[in-house]
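Before any comments, here is the structure.
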Amino acid sequence: MENLGNGLVFGLATLGPGIGLGILIGKAIESMARQPEAAGMIRTTMFIGIAVVEALALLGFVLAFAI
Amino acid sequence: MGLTLAAAEWGGEFDGALDDINALFSFPALFWQDVAGGLFAVNRTILIAWFMTLVAMTILVLATRNPQVVPGKLQSVVEMLLEFIRGLASDIIGPKGQRYVPLLTTFFVFILFMNLAKLTPFLMLPPTSRIAFPLFLAGIAWLVYVGAGIKEQGFGHYFKELAFPPGVPKALYVLLTPIELLSNLILRPLTLMLRLFANMVAGHILVVITLVAIHVFLPSMPFGWMVGVFALVAAPLVFGFELLIIGLQAYIFTMLAAVYIASSVEPAH
């Protein structure tokens, strides 16, 4: 039962960031395709955004083991 | 099978359920010494870290010991690495970034080689999956970006900009100041640490489970071998994916450290 809870904590924690990452990377690719000369800058900004969004999923991962 | 044994042999008993995940990560001390009241113990993780450091040092020294105008293979790879980090620093931090190139290169090479131990036969354990390694790396990054902010902007100005970002209505500071302080001083190093740590822990678990699945299921006769064959097919894919993660995490850590340094060096007007 406890292991099930751990799994659920991480599973639920990935839902929001998963959607967020999808939108974020999709938009980044869209704008890279539209403006290939700005690809470097967009990629850097994309990774910063990914880092922020991903933090939530990581907290879920750690909490799944901590709880 | 050698890989499986290397992964399974040290990771505890696999004859039953994998009920304690810590068995994959914590190893008993091989030898220890009392130094000034503290225990200085060396276990498998530390040995792997030493070995990978030695490998990285050997490669870097061999590549730069006798530099040629027309670089050889090894030299051009290392030069590409340095060019890459230098480009990263000048893109993100700007003209003041050159000073931080040695630090960022150290971050990148150290994390890359520590992570590579995850897929190196007979090692198969990334030292970065123990919290001490990401903790110290994130701590160094924290010290450097706070130090850079104090040095470039002055102590009072840096913390004033940090707590009260300009261009915001005064009433919002009630809400904004705690969030900004928490995010800039605590959450940044915390996520920097957790990102590397969690990715390496998850990757190590994934690799071990794939290899152990081959090891356990392939000889089991009635139906179990199907799972074994699946794991056998999946193993190269898992390894490729982990190789991607290894490089990506080293890159993201380096890049975020550069971004944080940039935010201290160039104030957000």
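Every chain is numbered from 1, with letters handed out A, B, ... down the list of sequences.
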Portion of B:Leu194 that has a non-hydrogen atom of chain A nearer than 4.5 angstrom: both
Atom CZ of B:Phe84 with >12 non-hydrogen neighbours under 6.0 angstrom: yes
Contacts of type ring pair (Phe, Tyr, Trp, His ring centres under 6.0 Å), residue B:Tyr158, not counting sequence neighbours: none
With B:Phe110 via ring pair (Phe, Tyr, Trp, His ring centres under 6.0 Å) - residues at least two apart: none
Neighbourhood of chain B inside residues 19-40 of chain A, taking heavy atoms under 4.5 Å as contact: none
Derivation of the side chain to side chain contact (heavy atoms under 4.5 Å, CB included) call for B:Asp91 and A:Thr44: CA-CA 9 Å; B:Asp91 277 355; A:Thr44 309; 5.8 Å; no
Within 6.0 angstrom of B:Phe241 CZ, more than 12 heavy atoms from elsewhere: no
Chain A contact via B:Ala202 - side chain, backbone, both or neither, heavy atoms under 4.5 Å: both
Which portion of A:Phe47 sits near chain B, non-hydrogen atoms under 4.5 angstrom: both
Flag, side chain of B:Arg195 to backbone of A:Glu54, donor-acceptor distance under 3.5 Å: no
B:Ile92 versus chain A, the contacting section by heavy-atom distance below 4.5 Å: side chain
Proximity breakdown for B:Leu248 and chain A, heavy-atom pairs closer than 4.5 Å: side chain
Atom pair CG (A:Leu58) and CG (B:Leu190), whose distance is rounded to the nearest 0.5 Å: 10.0 Å
Donor-acceptor pairs are to be reported for all side-chain atoms of residues 123-143 of chain B against protein atoms at under 3.5 Å, with residues two or more places apart or in another chain.
from: B:Thr128; atom 1: OG1; to: B:Asn115; atom 2: OD1; distance (Å): 2.6
from: B:Ser129; atom 1: OG; to: B:Pro126; atom 2: O; distance (Å): 2.7
from: B:Arg130; atom 1: NH1; to: B:Phe25; atom 2: O; distance (Å): 3.0
from: B:Trp142; atom 1: NE1; to: B:Leu185; atom 2: O; distance (Å): 3.0

